[in-house]
Amino acid sequence: MRILHTADWHLGKLFYGNYLTEDQAYVLEQQLLPMIRDEGIDAVVLAGDVYDRSLPPAEAVELFDDVATRITADLHVPFLVISGNHDSPARLSFASRLLAPQGLYMAGELERLTGPVVLEDDAGPVAFLTVPYAEPAVVRQCLGQDEVRSHQQAMEALLGWQGSQVPDGVRTVCVAHAFVAGGVASDSERPLSIGGTDQVTSGLFAPFSYTALGHLHGPQKVTSDTIRYAGSLLKYSFGEARQHKGAVIADIGPDGKVDLAFRDFVPRHDVRIVSGTFEAIMAADDDRPDDFILARLDDSQPILDGMARLRRKYPNAMAMEMPNRNTRAAGQRDFDVQQVTEQELFTSFAQAMRPDQPLTEAEQDCVRTLWDELEKGGSLL
Ligand SMILES: [Mn+2]
């Protein structure tokens, strides 16, 4: 059985104030759907964080509706989806009992989970344990297991509950949204708990033929080849600029052995960091100027109107950083704002901006003239 494993779509995500929905649609429609069709996929698994927030924008819901319809109704491939920590379990579970016979298996609210989804191939059944993300307190209440206090215990309880319904010897795929210890985080995941540990041990997943994980945004295996994160649909932070995003294709043989391959997605806009002096960045050749760009400048002096100028070359420039910027002056603000004149404040500001280069005579003259004008109540324009 050939499974396509994807995760962390985060539909409706805002990236530096811009909705990424069109970029997400591009990858889903131009890359994921053809992949499902051309690679002879038997089942698609989405391991949580379908949406970026519990109340996603309408365009994001429409996109998911469209993609889910095309996978299940047009391509006739079963589609198994669990909710992640960004999703609303209740909203994701909407109509799940009606949709399951259509091949769309949505696991959100624990109360509505029915147990493993069983699909068949020539070698027999494969049982999919779908484990949506749930807080330990929710698991404790739902399963009536008072001892569940940690994410580890919650996962153990959920796996035990679903696993108990799988006959011995049947091939199994676990789909879960969790932080498995040993995995490497990026900077775009939201922590699962504040204080205390949010991690679960990989040993919990050892019994399964394959474990399709969501939550960590970098594609990776954790301790074993068959326990994997597919990674997010797109790069959702500049910290992920060097990652390759894509989908895992897992072939589960008749004996339960798994062959793995990773297929890259090619996004409409890449997320890239360009570095050098401002001048060098502006002068360099770049054949992908429409990418999402972070400019990391070597300059130590401020660049006048830098962002606007950068956007003439890179219309989708998102941010500019100046790690070498001299910030020594920040610690020098040891005066009391109430006790100094505006002129002194300005001089201090000028020093902070250009620590190595005090105001020239001509500049001081200019500033004095402006202050005189201001104090007389005249207009500077
Ligand atoms: Mn996520």
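What you see is a predicted model; the values in this text were computed from it and never measured. Remember, it's 1-based here, ligands and their atoms both numbered in the order they're listed.
A salt bridge links Lys235 and Asp270; the closest N-O separation between the charged side-chain nitrogens and carboxylate oxygens is under 4.0 Å. Salt-bridge annotation for Arg268 and Asp23: present, with a side-chain N of the basic residue lying under 4.0 Å from a carboxylate O of the acidic one. Under a 4.0 Å N-O distance rule, the pair Arg368/Asp372 does not qualify as a salt bridge.
Between Ile71 and Leu75, the closest heavy-atom pair is O-CB, 3.4 Å. Pairing each heavy atom of Ala295 with each of Leu310, the nearest pair is CB-CD2, 3.6 Å.
Here Tyr210 and His5 bring their ring centres to under 6.0 angstrom of each other.
Atoms of the protein (N, O or S only) found under 2.8 Å from the Mn ion (ligand 1) are Asp8 OD1, His10 NE2, Asp49 OD2, His217 NE2.
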